[in-house]
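So the structure is just underneath, and the comments pick up after that.
Because the structure is a prediction, the values reported are computed rather than measured.
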Amino acid sequence: MSERIRVNPILCDAYGHCAELLPEVIRLDEWGYPVIEPGPLPDELLKDARRAVAACPKLALLLEKT
């Protein structure tokens, strides 16, 4: 079973920590909000994805099984 990362746009305040910790999957738009590449995360990025989720000060990121 694979995992993907999601952002709750209501909770997100555009701090940008997620894009710093996981630039392979997350980029920031012109206002600083995350844009996440669709699809499952590669296994080698799961550790970094968990770190990005844990580092979100607004708890706006979520890892979900697909």
Side-chain angles (χ1 to χ4, degrees):
M1 189 171 282
S2 60
E3 295 184 54
R4 68 181 186 135
I5 196 164
R6 285 189 23 211
V7 64
N8 180 330
I10 304 299
L11 293 177
C12 182
D13 277 349
Y15 285 100
H17 300 307
C18 55
E20 291 177 19
L21 293 171
L22 197 58
E24 300 88 349
V25 178
I26 303 172
R27 67 176 176 81
L28 300 178
D29 68 10
E30 58 269 19
W31 298 286
Y33 288 93
V35 176
I36 299 174
E37 291 293 322
L41 288 166
D43 289 339
E44 62 270 10
L45 294 179
L46 284 177
K47 182 178 177 181
D48 292 334
R50 288 186 183 100
R51 244 183 38 183
V53 168
C56 180
K58 300 301 283 186
L59 304 176
L61 289 178
L62 172 71
L63 268 179
E64 67 177 14
K65 297 193 185 298
T66 56

Open item on the list: To the closest 0.5 Å, what do you measure between CD (Glu37) and CD (Glu24)?
Closed with: 11.0 Å

- [ ] Measure the spacing between OG of Ser2 and CD of Glu64 and express it to the nearest 0.5 Å.
- [x] 10.0 Å

Task: Partners passing salt bridge (Lys or Arg N to Asp or Glu O under 4.0 Å) against Lys47 (at least two apart in sequence or in another chain) - done: none

Task: Ala60 to Leu11 - nearest heavy-atom pair and separation - done: CB-CB, 3.8 Å

Open item on the list: The criterion is salt bridge (Lys or Arg N to Asp or Glu O under 4.0 Å); which residues satisfy it with Glu3, sequence neighbours excluded?
Closed with: Arg50, Lys65

Open item on the list: Give me the atom names and distance for the closest heavy-atom approach of Ile36 to Leu61.
Closed with: CD1-CD2, 4.3 Å

Task: Gap separating the NZ atom of Lys58 from the NE2 atom of His17, nearest 0.5 angstrom - done: 11.5 Å

Open item on the list: Tell me the closest heavy-atom pair linking Pro57 and Tyr15, and the distance in Å.
Closed with: CG-CD1, 3.4 Å

- [ ] Going by the side chain to side chain contact (heavy atoms under 4.5 Å, CB included) test, name the single residue among Leu45, Leu62, Ile26 that passes it with Ile5.
- [x] Ile26

Task: ILVMFWY cluster, Leu41 and Val7 together (side-chain gap under 4.5 Å) - done: yes

Open item on the list: Please determine whether residues Leu22 and Leu46 belong to a single hydrophobic cluster, defined as Ile, Leu, Val, Met, Phe, Trp and Tyr linked transitively by side-chain heavy-atom distances below 4.5 Å.
Closed with: yes

